[in-house]
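We're numbering straight along the sequence, starting at 1.
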Amino acid sequence: ISSHFIDQILYFQTHFWGDIAKDFFWKTKHTGQFLDYNFDVTKGEIFVKCMEGASTNICYNVLDRNVHERKLGDKVAFYWEGNEPGDELTVTYRELLQRVCQFANVLKSQGVKKGDRVSIYMPMVVELVVAMLACVRIGAVHSIVFAGFSAESLCERIMDSQCSLLITADGFYRGDKLINLKLLADEALQKCRDKGFPVKRCIMLKHLSKEAEQTLGSPPAKRSCPDLQVNTESLQPVPWNPDVDLCWHTLVCGESDECEPEWCESEDPLFVLYTSGSTGKPKGVLHTISGYMLYTATTFKLVFDYQPDDVYWCTADIGWITGHSYITYGPLANGATSVLFEGLPTYPDVSRMWEIVDKYHVTKFYTAPTAIRLLMKYGSEPVQKYKRESLKVLGTVGEPINPEAWQWYYTVVGEKRCPIVDTFWQTETGGHVLTPLPAATPMKPGSATFPFFGVVPAILNESGEELEGPNEGYLVFKQPWPGVMRTVQGNHQRFETTYFKKFPGYYVTGDGCRRDKDGYFWITGRIDDMLNVSGHLLSTAEVESALVEHEVVAEAAVVGRPHPVKGESLYCFVTLTDGVTFSRALETDLKKQGIREKIGAIATPDFIQEAPTLPKTRSGKIMRRVLRKIACDERDMGDISTLADSSVVEELFQNRCSTAV
């Protein structure tokens with residue numbers, strides 16, 4: 001791709017995005033270049049700047065603008081569907097604006113101001129959206145932590161992003177399982193104190209406490225909750241630390257439903273969201289205001305062919321980037337009506353998703369290949385119990401979808417009449433970068449197809465040379481788009497090293513990619529030490545670190561193996577200290593104490609194998625390629641001449657776990 005072509009793309013970007021920007025409110029207009037950047041570490045510091053000089057407020061644009069300028073105040077913003085059928089709530093744009101303003105005033109009363117960091121650790125309730133929009137209304141930066149993460153993970157993220165306040169809930173049900181969120185939050189805050197970082201305030205939403213007044217938010221869950229004890233005098237769930245804990249409902253009662261927005265510069269931080277890093281320490285991906293707003297709004301509108309009468313449902317959790325971009329910011333910026341779902345696709349039965357589609361007449365449906373593969377196991381009958389006549393566009397997100405799952409999704413769910421948008425993007429990209437457009441792009445099952453407007457991909461070989469035509473190599477991007485991340489929280493050097501050092505002049509995705517003869521892009525998987533489990537990136541180093549913290553584990557190595565539902569599963573090899581015998585009890589303890597409590601349930605390995613010795617080169621490097629072969633029971637080892645002791649391989653094969661599914 002020539003430099004002249006890049007200049008043309010930049011010219012196109014300026015005018016394309018400049019025209020889109022006219023649809024939004026700006027307190028001050030931008031001056032100079034629309035998009036300025038450096039992607040080459042050899043030419044100085046990496047940076048991306050969009051609409052410098054402009055000032056706005058993203059909350060104003062997604063709420064006030066819709067209520068007052070576009071007259072959408074009475075339009076439904078969210079249909080909230082709880083874990084239990086019958087738990088439901090409808091929230092209009094006007095009601096959402098009022099609740100956001102109330103809670104923004106609460107945050108201000110607690111001393112939160114522009115630039116402060118606020119950690120949010122909540123289930124999928126309307127108040128989660130309220131909390132994040134209240135933060136951005138006053139210029140605070142939210143850092144949302146997925147409610148499935150452990151106390152240790154929450155503590156790590158609170159400290160890394162320097163959060164001054166935590167917002168959480170008493171608990172929630174995920175299917176039949178009770179998650180006592182407040183206990184986990186308390187444990188995390190204690191860990192923060194132990195490490196010299198006391199968090200001053202924790203605001204708790206009563207979600208499961210039936211005694212609480214719920215006039216301002218989601219209705220209390222229908223399922224009784226005997227495990228959450230309540231002090232009936234103060235309506236405070238126990239445990240309760242009066243020096244730190246505050247009740248959401250008490251705080252919002254009496255607060256004004258008007259709050260002037262804080263006008264922010266275009267490149268002020270919007271949020272920090274953590275994604276696994278290959279070093280084991282999660283990376284705080286930082287996104288900024290104007291570029292992210294424009295990009296999520298536009299990709300949502302075009303990729304899903306959004307129409308004003310649509311009912312859109314993204315099944316992701318807001319704790320992940322998909323929920324940030326395509327549940328909160330993108331849909332609300334367009335004045336869309338969305339479904340917000342707290343539960344599981346299989347609870348109380350495997351027809352739940354299609355029941356919801358019919359209930360709310362969902363037109364645009366966006367889910368993960370993991371969910372599709374899971375539901376495929378139960379056949380077409382649970383799907384065909386419901387009409388699904390409202391569906392118009394289907395989407396997939398989180399990982400490449402295999403052709404078999406794509407065909408089932410297209411044929412059974414969409415009845416061969418709904419185009420599928422198989423989207424490729426990352427926490428770092430902010431929004432879709434490779435995607436078809438519905439009914440405009442000929443579909444190929446499993447392909448992420450073509451770049452979004454203004455995105456310029458390339459495929460490189462190991463030497464950093466661009467490959468033309470049909471080829472396979474490293475997927476990179478040659479220039480930025482408005483929604484790309486700006487830095488890693490507190491560590492710009494890590495940002496440059498991770499994404500730009502390997503191939504100067506390019507943003508490196510960390511994914512392999514194949515381009516076919518028709519120019520379609522096919523993502524072939526991670527090329528670093530990352531695993532994609534159920535659409536969630538996990539660092540092998542992070543899991544290994546959690547294992548070796550156990551007193552009897554001397555060394556650990558983690559690899560992935562294919563899984564028919566999750567895409568990949570974790571297969572762990574552990575070397576024990578002298579004198580310790582591997583047992584089923586130890587395996588259970590490693591999964592629970594070693595991993596679930598350190599990282600979270602999503603990182604629980606499917607297999608743990610004892611490895612008296614790991615296959616290493618003479619320089620001491622573990623040959624993970626060999627371990628992957630063993631995990632998959634593939635005997636073709638290739639060249640293992642660099643192994644210090646090749647007899648290790650046969651011993652590991654003899655002791656491998658039974659992996660029959």
Item to check | Shortest non-hydrogen contact from Ile327 toward Ser338 | outcome: O-OG, 4.4 Å
Item to check | Distance-only side-chain donor-acceptor flag, Gln609 / Tyr571, under 3.5 Å | outcome: yes
Item to check | Residues forming a side-chain hydrogen bond (donor to acceptor under 3.5 Å, both in side chains) with Glu610, sequence neighbours excluded | outcome: none
Checklist entry - What orientation do Tyr366 and Tyr326 show, parallel under 30°, tilted 30 to 60°, or perpendicular over 60°? => result perpendicular
Item to check | Arg561 vs Asp606, salt bridge (Lys or Arg N to Asp or Glu O under 4.0 Å): CA-CA, chis, key distance, verdict | outcome: CA-CA 10 Å; Arg561 71 181 306 276; Asp606 284 36; over 6 Å; no
Next on the checklist: Testing the basics here: between Leu434 and Pro457, what is the closest heavy-atom pair and its distance to 0.1 Å?
Outcome noted: CD2-CG, 4.3 Å
Checklist entry - Under 3.5 Å, is there a donor-acceptor pair linking the side chains of Glu81 and Tyr360? => result yes
Item to check | Thr604 side chain to Lys591 backbone, donor-acceptor under 3.5 Å | outcome: no
Item to check | Within the 6.0 Å centroid threshold, strictly below: Trp408 and Tyr378 | outcome: no
Checklist entry - If every non-hydrogen atom of Thr509 is compared with every non-hydrogen atom of Gln426, which pair is closest and at what distance? => result O-NE2, 2.8 Å
Checklist entry - Is a salt bridge present between Lys444 and Asp516, judged by a nitrogen-to-oxygen distance below 4.0 Å? => result yes
Item to check | Ring centroid separation Tyr520 to Phe450 under 6.0 Å | outcome: yes
Checklist entry - For Lys301, does the NZ atom have more than 12 heavy-atom neighbours from other residues, nucleotides or ligands under 6.0 Å away? => result no
Checklist entry - What class does the angle between the rings of Phe300 and Phe304 fall in, given that below 30° is parallel, 30 to 60° is tilted and above 60° is perpendicular? => result tilted
Item to check | With Arg373, the salt bridge (Lys or Arg N to Asp or Glu O under 4.0 Å) member among Glu399, Glu404, Glu568 | outcome: Glu399
Next on the checklist: Between Glu650 and Arg635, does any NZ, NE, NH1 or NH2 come within less than 4.0 Å of an OD or OE carboxylate oxygen?
Outcome noted: yes
Item to check | Where Ala611 and Leu652 come nearest, the two heavy atoms and their spacing | outcome: CB-CD2, 3.6 Å
Item to check | Arg417 CZ: over 12 foreign heavy atoms closer than 6.0 Å | outcome: yes
Next on the checklist: For His324, run the ring pair (Phe, Tyr, Trp, His ring centres under 6.0 Å) check against Trp425, Phe271, Tyr295, Tyr274 and tell me which one passes.
Outcome noted: Phe271
